[in-house]
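Only one structure is covered here, and it is reproduced in the block below.
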Amino acid sequence: MLEIKNLHAKSEDKDILRGINLQVNVGEVHAIMGPNGSGKSTLAHVLAGREDYEVTQGEILYNGQNLLEMNIEQRAAAGLFLAYQYPIEIPGVSNKYFLKAAMNAVRKQHGQPLIDTTSFLKLLKENMQLLGMDKSMMERSVNEGFSGGEKKRNEILQMAMLQPKLAVLDETDSGLDIDALRIVADGVNTLRGPDRAIIVVTHYQRLLDYIVPDQVHVLAEGRIVRSGDRTLALELEDKGYGFLETHSAAASAAAV
Amino acid sequence: MSTDNALLEEYSQREYKHGFVTDIEADAIAPGLNEDVVRLISSKKNEPGWLLEWRLKAYRHWLTLKEPTWHNVKYPPIRYQDSIYYSAPKQQIKLNSLDEVDPRLLETYEKLGIPLEEQKALAGVAVDAVFDSVSVATTYKATLEEHGVIFGPFSEAVHKYPELVKQYLGSVVPYSDNFFAALNSAVFSDGSFCFIPKGVRCPLELSTYFRINAQNTGQFERTLIIAEEGSYVSYLEGCTAPKRDENQLHAAVVELVAMKDAQIKYSTVQNWYPGDADGKGGIYNFVTKRGACRGDNSKISWTQVETGSAITWKYPSVILQGDNSVGEFYSVAVTANHQQADTGTKMIHIGKNTKSTIISKGISAGFGQNSYRGQVKILKGATNARNFSQCDSLLIGDRCGAHTFPYIQVRNTTAKVEHEASTSKVGEDQIYYCRQRGLKTEDAVNMIVNGFCKEVYDVLPMEFAVEARKLLSVSLEGSVG
């Protein structure tokens with residue numbers, strides 16, 4: 001589904017990604033971990049197409065298509081969804097209106113008929129129940145005045161409504177208490193399935209207790225320095241990111 | 001970053017959709033302004049002597065005035081002697097029904113989305129169509145007459161209801177009020193007159209649609225609305241003009257009078273030609289609008305959506321004389337390309353327990369400059385007066401500007417005056433967020449801008465809210481591509 005080959009990207013004049021290689025197959029859940037500044041969030045935004053980053057080398061294939069040639073909304077329409085670490089506020093635009101506009105925008109790009117209000121509301125109600133969200137949240141402006149937990153839940157709601165093929169969750173666990181974390185994780189787990197892939201970007205192992213990944217990758221200084229199964233995340237929690245530095249230093253020393 | 005800025009800039013350039021010219025023979029007088037021109041206009045309209053006298057007084061007073069310079073707009077000197085002060089489509093004298101209106105005029109309004117044939121007209125809206133200097137048609141007259149509502153051309157009211165016109169003309173905006181009001185009083189050509197009798201709730205929305213067509217012609221209409229005790233009226237005003245390279249002057253006066261327990265809701269969607277992307281051409285819109293809440297418990301609301309004109313200079317105001325009277329001002333003003341707007345309101349609290357609300361939303365794009373200028377005055381006798389003002393500015397791109405000039409004067413210690421102001425930018429991250437959810441940039445900006453204006457749209461009459469939304473998206477269309 002997703003194949004990243006030797007991806008290099010920079011922001012302004014700073015190199016951030018320095019040769020990422022990653023393959024994610026449909027049906028899989030991958031976790032990307034790493035210390036602050038390792039490039040985790042950058043990778044998420046480069047996948048979404050944020051224009052602040054410049055890809056200087058490498059390629060990304062998404063379902064056989066060259067992702068880097070697609071603009072942001074084309075990627076969204078092709079089923080790529082990013083759950084933001086810091087969801088954006090849009091004053092005066094109701095959450096409900098925004099959701100419907102987003103769903104219809106995607107449908108329009110595919111030349112499909114727009115969703116009718118009844119089906120939309122039914123779907124919305126189901127998904128909100130799933131995420132334990134109060135009805136009043138729909139009439140409020142997008143993310144405006146939402147608590148940290150409400151914002152994250154709202155991201156997952158959007159994901160549930162848009163039914164993406166590839167979902168990238170950027171530090172969805174940050175700022176969540178344990179109850180909210182469980183609800184959010186439950187929401188993600190219901191979306192897990194054979195025709196979808198999920199990439200979970202996180203600093204902490206804790207989220208992975210609830211969303212169990214098939215593979216874990218550790219990012220340091222813009223490269224994936226280790227990949228493994230879920231035990232790698234546990235090992236990291238145990239030893240901290242410090243042990244990686246010696247590891248990667250040794251690795252690069254070996255490479256020279 | 002830079003790509004998004006380029007997009008935003010493009011977004012702020014727009015296409016004007018009402019720029020066509022109607023080819024119709026006009027009865028226009030020679031350019032220039034002097035007492036003879038004032039007399040000529042008056043005689044063309046067959047006016048009574050008292051009105052000519054009033055015009056002449058206004059003209060003589062105008063000669064003593066200087067054009068104001070306190071506003072935050074810049075433009076080359078207006079050459080008043082080059083302008084034509086009267087132009088009307090040539091037409092067979094008296095019209096008895098719409099069937100006799102020149103089909104080219106009907107077609108013009110049809111093209112503008114204002115069908116004048118009653119069977120096609122907007123349900124529940126009576127329209128007075130003003131083309132250049134004169135009113136060409138009024139719909140639903142019969143329905144209104146059944147309720148005793150008078151609605152039609154000002155020039156007709158002068159003949160049919162001289163006592164009413166004499167009593168109220170200039171009673172809210174005297175000819176000496178300001179430079180542009182004095183000019184209008186001297187040369188005004190037509191406009192709408194509206195009288196709602198005691199206790200009547202006007203069964204239709206009343207609407208005047210102003211269209212400038214002729215070249216080098218100034219447009220000076222005068223609207224007078226009188227709501228007698230316990231009556232209610234909702235009045236809508238729309239305006240468009242062809243694309244021309246020269247600037248054209250539009251100096252209108254609107255006077256509203258609300259008696260005891262009466263309510264007037266006045267809504268404007270102003271879409272005069274704004275000039276091209278380089279700032280060439282466009283309407284200079286210098287307008288004086290004021291309402292007087294004469295009676296107790298009366299209410300006047302101004303709602304305006306200003307997207308057109310090269311320059312907008314207007315301050316729809318309310319004089320709150322009656323006890324418990326209420327004044328409201330809701331405004332969305334858009335300046336794109338090289339447009340400039342200096343707009344706001346005045347709320348003058350005189351009566352006890354008077355209340356005013358001001359919600360102003362300024363949107364600037366391109367090189368647009370948008371100023372809010374508002375005055376809240378609480379006089380000595382206005383015990384327990386309340387005012388709430390909120391002025392929000394939204395910037396699209398980084399070459400436009402937003403300015404706020406609030407003046408607050410309080411002479412009564414029981415008054416409560418609140419003022420809030422904010423300035424924000426359409427954020428690149430907001431656009432990115434919307435696009436990540438599948439929306440195109442242009443739709444994203446429309447959504448963000450419409451969200452910003454929500455509080456004003458919520459108080460617009462339904463039909464107008466839809467039009468305003470469409471207008472705003474047209475205004476900003478192609479601006480972010």
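Letters A, B, ... are given to chains in the order of the sequence lines, protein chains preceding strands, and every chain is numbered from 1. What's counted below: heavy atoms across the whole structure, side chains too, no hydrogens, waters or symmetry copies.
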Side-chain touch B:Cys434/A:Ile90, heavy atoms, less than 4.5 angstrom: yes

A:Lys100 atom NZ, neighbour heavy-atom count above 12 within 6.0 Å: yes

Heavy-atom proximity to chain B below 4.5 Å, by part of A:Phe98: both

B:Gln430 side chain vs A:Ile88 backbone, donor-acceptor pair below 3.5 Å: no

Separation of A:Tyr97 OH from B:Asn450 CG (nearest 0.5 Å): 7.0 Å

Spatial distance of atom CZ (B:Arg435) from atom CG (A:Asn71) [nearest 0.5 Å]: 5.0 Å

Contact summary for B:Arg437 and A:Ala83, nearest pair of heavy atoms: NH2-CA, 4.4 Å

Heavy-atom side-chain proximity of A:Arg50 to B:Asp429 below 4.5 angstrom: yes

Ring pair (Phe, Tyr, Trp, His ring centres under 6.0 Å) contacts in which one or both residues fall within residues 36-84 of chain A, not counting sequence neighbours: A:His45-A:Tyr84, A:His45-B:Tyr432, A:Tyr84-B:Tyr432, A:Tyr84-B:Tyr433

Check: B:Gln436 side chain, A:Leu82 main-chain N or O, donor-acceptor pair, under 3.5 Å: yes

Other residues, nucleotides, ligands: >12 heavy atoms within 6.0 Å of A:Lys40 NZ: yes

Considering all heavy atoms, the nearest A:Ala105-B:Gly438 contact: CB-O, 3.3 Å

Partner set under side-chain contact (heavy atoms from CB on, under 4.5 Å) for B:His338, not counting sequence neighbours: B:Phe367

Sub-4.5 Å side-chain heavy-atom contact between B:Leu439 and A:Glu73: no

A:Glu89 versus chain B, the contacting section by heavy-atom distance below 4.5 Å: backbone

Chain B contacts, top residue of A:Ala78, A:Gly92, A:Pro91, A:Ala102 (heavy-atom pairs, under 4.5 Å): A:Gly92

Segment of A:Leu80 engaging chain B (4.5 angstrom heavy-atom cut-off): both

Rounded distance (nearest 0.5 Å) linking atom CD1 of B:Ile431 with atom CD1 of A:Ile72: 9.5 Å

